[in-house]
**Q** 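Starting off with a structure, shown below.
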Protein chains: 2
Amino acid sequence: MPHLLLKQLPRYECLLEAAKEFPELDPSAAEAFLHLLRTGDEAFGITDRNLGDHGISHGRFGVLMLLWRSVQPRAAKLMGAESCALGPRTPAELADAAGVTRATMTGLIDTLERDGFVKREPDPVDRRMMSVRLTAKGEKFLAQFLPGHFKAIAELMSTLSESERKTLVRLLAKIQLQAAVLQPKPDGVAASSIG
Amino acid sequence: MPHLLLKQLPRYECLLEAAKEFPELDPSAAEAFLHLLRTGDEAFGITDRNLGDHGISHGRFGVLMLLWRSVQPRAAKLMGAESCALGPRTPAELADAAGVTRATMTGLIDTLERDGFVKREPDPVDRRMMSVRLTAKGEKFLAQFLPGHFKAIAELMSTLSESERKTLVRLLAKIQLQAAVLQPKPDGVAASSIG
DNA sequence: GGCTGACAGTTAGCCTCCTAACAATAATTG
DNA sequence: CAATTATTGTTAGGAGGCTAACTGTCAGCC
């Protein structure tokens, strides 16, 4: 489910008013910020409801998508590199790629395995590690689910022209960059420099 | 904490590649969508960490902000109307304004009252209802916390010019509108038409 | 070869959100 | 006025995140 967010955003005049008491409050910054949170939450909610109708959570879906890359060697071949395919396989890699803790990934894999979407297999070399792979059922689920998922996304964004989408991505990327500057992560910052 | 989201977004070329298998996948729509989710989550995470440092959750903060409006009559006077002030008071109103269920609001008020930020008082007229109000401690907390909160938001958005912020808000509003069209809510749609 | 440290995966317990069902009170209707 | 219906706030139980602590395995050092 989406985060708790105020349903009706404060009006711009109210922000101006509040700024008189709080000099730190930048009205246009706050307005943009609130719209960003609200819209992001709305977009999240749409896919989340879509996923919920299929009995799967956003977290589980993310894991399936990560694993799904590994069974799509065609793209890798065409790209002439491993940039797109050969995704993560072990719980630790999956947790890192998904941005959750290993403990959370254990829980996600637990439920996915219980529902038959993925399967754990011990690594023959390093006995500490497990290898997680998509089952036929998991692949089938994605094949059935993804078209509707992509369609929902395309419909949501259909209100923006190509150039508007480019502008949006550019502005959001600037914010992301700024967030990275303001909140430098402990390590591995340089590794994933998605602009 | 933020939602589970893939840390590194798929590259645009990978989306193009995937679109060959899924005709429903609109690469530029998916790219914009993923950036929106990612950036929204990042922005959420910044304020959430900020709140966490002060030992309060996003949900609780939302309630405090809603109640805080009620103790800011100055703005209302200046506006010549009640548009900004006189916020919700009862748990049901708060739940509605915050976009959570009444049950969730009960829990939030429970912890806020336990920590001394708010106080429940029975309504003298309707004995079903309770009235929730900010305590002096709650007000003091907001007065101390908000400047840093606003400053963090201003810093995050400082990377965008005024015109860029306007553009961003305009594009996000279009998406929100489209979301409302695609996912019409059961009732009360017309009531809160925030553009 | 045995000890210490680092790492993979899991477990346990907490918080926040949800839905569903409940008791108490108000409003409506005969 | 009595009975039904609606509404308020709460409780109970579930799902999905988190942190912290634990077990088993690998790597390095004496």
Side-chain angles (χ1 to χ4, degrees), chain A residues 1-7 41 44-45 48-49 51-64 88-115 118-132 186-187, chain B residues 1-7 41 44-45 48-49 51-53 55-63 88-115 118-132 186-187:
Chain A
M1 292 27 175
H3 285 124
L4 182 152
L5 245 64
L6 273 46
K7 262 168 97 177
D41 209 54
F44 183 90
D48 205 52
R49 271 184 286 270
L51 284 161
D53 292 343
H54 288 73
I56 200 162
S57 77
H58 227 102
R60 287 208 276 265
F61 175 66
V63 177
L64 292 181
R89 289 306 201 106
T90 73
E93 286 169 356
L94 288 167
D96 190 51
V100 298
T101 61
R102 288 188 313 233
T104 298
M105 189 52 63
T106 294
L108 290 172
I109 296 173
D110 278 351
T111 58
L112 283 171
E113 191 168 29
R114 180 198 63 196
D115 293 348
V118 307
K119 188 146 173 36
R120 278 186 178 96
E121 284 162 353
D123 186 298
V125 178
D126 191 332
R127 274 186 292 178
R128 290 174 302 182
M129 292 204 260
M130 302 291 284
S131 192
V132 185
D187 68 77
Chain B
M1 304 352 182
H3 285 123
L4 183 151
L5 246 64
L6 273 45
K7 261 168 95 177
D41 209 54
F44 182 91
D48 205 51
R49 272 184 286 270
L51 285 160
D53 292 343
I56 199 163
S57 76
H58 226 103
R60 288 206 275 264
F61 175 67
V63 177
R89 288 306 200 107
T90 73
E93 286 169 356
L94 288 167
D96 191 51
V100 299
T101 62
R102 290 192 314 247
T104 298
M105 189 52 64
T106 294
L108 290 172
I109 296 171
D110 278 350
T111 59
L112 282 172
E113 190 169 29
R114 180 200 61 196
D115 293 349
V118 307
K119 188 146 174 37
R120 278 187 178 93
E121 284 162 354
D123 186 298
V125 179
D126 189 332
R127 272 187 292 178
R128 291 173 302 182
M129 292 203 262
M130 302 292 282
S131 192
V132 184
D187 68 78

**Q** Contact class for B:T106 (heavy atom, under 4.0 Å): base, sugar-phosphate, or nothing?
**A** base

**Q** Below the 4.0 Å mark, does C:dC18 have OP1 or OP2 next to a side-chain nitrogen or oxygen of A:R49?
**A** no

**Q** Would you please confirm or rule out a distance under 4.0 Å between OP1 or OP2 of C:dC18 and any side-chain N or O of B:T104?
**A** yes

**Q** Select one nucleotide: of D:dG9, C:dC18, C:dT19, the one nearest the side-chain heavy atoms of B:V100.
**A** C:dC18

**Q** Base, sugar-phosphate, or nothing: which does A:D123 touch, judged by heavy atoms less than 4.0 Å apart?
**A** nothing

**Q** Find which nucleotide of DNA chain D each of A:R128 and A:T111 is nearest to by heavy atoms, and output the residue with the more 5' nucleotide.
**A** A:T111

**Q** Within the pair B:R120 and D:dG9, is there a side-chain N or O less than 4.0 Å away from OP1 or OP2?
**A** no

**Q** Quickly work out the A:R102 CZ to C:dT11 P distance and round it to whole Å.
**A** 14 Å

**Q** C:dA8, C:dA12, D:dG9: which one has an atom nearest the side-chain heavy atoms of A:M129?
**A** C:dA8

**Q** May I have the distance from A:M130 (atom CE) to D:dC26 (atom P), rounded to whole angstrom?
**A** 14 Å

**Q** Look at the side-chain N and O atoms of A:T101 and state whether any lies under 4.0 Å from the OP1 or OP2 oxygen of D:dC18.
**A** yes

**Q** Any idea which of D:dG9, D:dC26, C:dT25 is nearest the B:R127 side chain?
**A** C:dT25

